[in-house]
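Please read the structure below before turning to the comments.
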Amino acid sequence: MLLAASLPAFLAPWIGRRMVALIPDVDPEAAYFTTLEPMLLYFLMPVAVLGSLFLVMAPGLLLVRALGRGKDLWTWLLEGFVFSLFAVSLTAAVTQEIMGQPLMGISFVAVTYGLLVVCSLVYLARAGIVSKQFGAEDRRRSPGLVLLGVLSVALVVVLTPKFFWEALNGDGAHSFEATRLLMHQSFPFWQPEAGVVSSWPGANGLTVAYPASWFMRMFGENEASVRLVYLLYFSLLIAGVVAIAEAGRKRVLNIGQLMLVSGSILCFSVVMAYSATYDPYCADISMPGTHDALNMIFLFGAIASLARREMIWALCWTVLALLTSPAALLVIVAMILGVLVSRRPFAWRLCFRHMMGLIAALVIIAMLVQVFKAVGGLEAGEEHGSLGMLKRYKVLALLDMDKFLWALLPCGIYPLICFFFWRTSDQLCRSLMIATGITFLAYYVMARVSIHYFVPTMLLPLAAYWRQEHRVNQNAGLLWFSAFLIGFTTWLAAPTGSGIYVASRQIGQSIDVSGLPGYEEMKPSVFRGAEMLTRLFRKSSAAKGSLVGYRGSPLSWLHYAHDEGAQNVEKNYELVSEDSVRSSQGIKVAEEGGFALYVYNRRKWMKDKSMPVSHSRGGSVFQVPLQILFYSRESKRLGLFRVPVPKSLKNVLKK
């Protein structure tokens, strides 16, 4: 079945090109539910996307079964993803090294399908040993698998403009370029000569680029290539919640309860797609949406493994989580503290065992970093360094009530009920609730925060709620009320208009970069030179107060300057390097570090600076004020104060 379900993935390269070709015809003010090529948008594209999900997951799923694991659907999906993460990524890297060129399009699909055939043969070789373990279980779990497939298709159809046509913001462009590195090398780390962009990813962001690279190889180097991976994470988040809910329990969630779990993750996804951003105009689900979702998948895997007392698997999941996000360490420490105080007398021995496991994971990561450096000769970025979190506590805000809504609303409100059943909860549920409180408090006191900081406090109570055995999550009437709450919060999170953000594409396509060669080969000097583009417009991250004038990201402008559509756009800006023999007829506006920036028409430049920009943002309740996102001394908020820091510690934090 997996072999047949993966066949539509061969359409992916063609689908990617056709969807990009539609961009000039899409009305950015009314992009949703367009009537352009309905056969493509509402049939061929969803089928190809679903086939691509099966293709990248199938090798791992078959290997898990061949080893006699994955006795329930949710564990099968989670562990299958881990096996695919290594099998598919390693196969692509080795094949690319042998070919001596990027493994893209049909070539990648064919190679991965070949891997799938090999994994099928491995499974068949052991079928006589393991098949007896699964038959009845597969039939019982098939409705859940169908539900995941239907929801994934529905999500990509409804959010087609968000996935395929909306322009990249700064974070999205950074995710895109980091993923594109894997088309040329084995690790997604930059050369230091690349400038600011080399700060991410680091060792604690390593795993993010690999799953995204699968979709870039299939669908091409376009916006959707780093966004479609979220559809995979969407299903795995559901699997993680249900795996925790059912671990070590005889109770199995029925189809109605599964739909509510799925609805909560859908509501969470809408929040991440439209509100989790530092950009003043739009959120890009490729970053931080995919980043945070992957982190929580690994954390859920670790928690479910601990509930099943599978310590080796728990260690593996922990290492993967720590290689994904710096936020993982806080959640893991909070969970260990939760284990300690969740029962009387305190669980000292169990806490000590978990702490030793965490230390072992950190030692493994330290060794891996040295291996990466020795094998690839590349240094990991330092954007999320060990002292980065401490810098956030220089300014605190204790009376910012909006943060409670950011933690409470995104999964449908009802998971909060879990805290009212403390006495009847088991130790794991209590640990999840304590970890939620610790994590929320750690972020609540920060003056400068973003929606995505609160992802663990959104999702951990959801797992605790469905693990609890009480009448509330089994009563039909109350379940319908929970469904209403999910619908209500999804409505609150939905975008306020039907437009999509396209400004960075418009500006980027008007920049002539023919005098700055080397973008296709990921030449570091190109990305360092692109920093000059900030002289044209203010960077998004430079916002200190109210939004005045257009802001953007040099990375997104650089990408769209090389876009195919840029060939037909009149140029008004030019960026050249000193190595270029070109001579510009424009007015030089900046020169630095061997790069020069020119403008042809100053009046057009002034018009671009003040142009109206279409927003693509979620509901106002999830909008983080610029004064919070980009704290400055001029920011005045109730309950905000500075923490006095000794000069010696200041010097350390500056470094």
Determine whether a donor-acceptor pair (N or O, by modelled atom type, separation under 3.5 Å) exists between the side chain of [X] and the backbone of [Y].
X	Y	result
R467	I244	yes
S84	G60	yes
Q468	C418	yes
S342	V339	yes
E246	D72	no
S275	M272	no

Do you see a donor-acceptor pair shorter than 3.5 Å between the side chains of [X] and [Y]?
X	Y	value
T290	Y233	no
S264	Y414	yes
S175	W200	no
T324	T207	yes

Kindly indicate whether a cation-pi arrangement holds for R69 with W76, taking the cut-offs as under 6.0 Å to the six-membered ring centre and within 45° of the axis.
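Judged by the rule (NZ or CZ under 6.0 Å from the ring centre, within 45° of its axis), R69 is not positioned above W76.
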Are K403 and Y443 in a cation-pi setup, meaning NZ or CZ lies under 6.0 angstrom from the ring centre and within 45 degrees of the ring axis?
no
So for atom [atom1], which belongs to [X], do other residues, nucleotides or ligands contribute more than 12 heavy atoms lying within a distance under 6.0 Å?
X	atom1	value
M259	CE	no
I255	CD1	yes
Q427	CD	yes

When you check the gap from the basic side-chain N to the acidic O, do R249 and D426 get nearer than 4.0 Å?
yes
Who are the ring-ring contact (aromatic ring centres under 6.0 Å, His included) partners of Y113, not counting sequence neighbours?
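F10.
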Tell me every residue that passes ring-ring contact (aromatic ring centres under 6.0 Å, His included) with F421, counting only those two or more places apart in sequence or in another chain.
H470
Would you call the rings of F346 and W348 parallel, tilted or perpendicular if under 30° counts as parallel and over 60° as perpendicular?
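The arrangement is perpendicular - the two ring planes meet at more than 60°.
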What orientation do Y278 and Y453 show, parallel under 30°, tilted 30 to 60°, or perpendicular over 60°?
perpendicular
Determine the minimum heavy-atom distance between [X] and [Y], stating which atoms define it.
X	Y	answer
L485	G412	CB-O, 3.3 Å
P288	A276	CD-O, 3.2 Å
T318	A361	CG2-CB, 3.9 Å
V88	F108	CG1-CZ, 4.0 Å
V229	V226	CG1-O, 3.9 Å
R217	A92	NE-CB, 3.9 Å

Do Y444 and F454 have their ring centres less than 6.0 Å from each other?
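For Y444 and F454, the ring centres are not under 6.0 Å apart.
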Name the residue from L206, L299, I332 that meets the side-chain contact (heavy atoms from CB on, under 4.5 Å) definition with L322.
I332
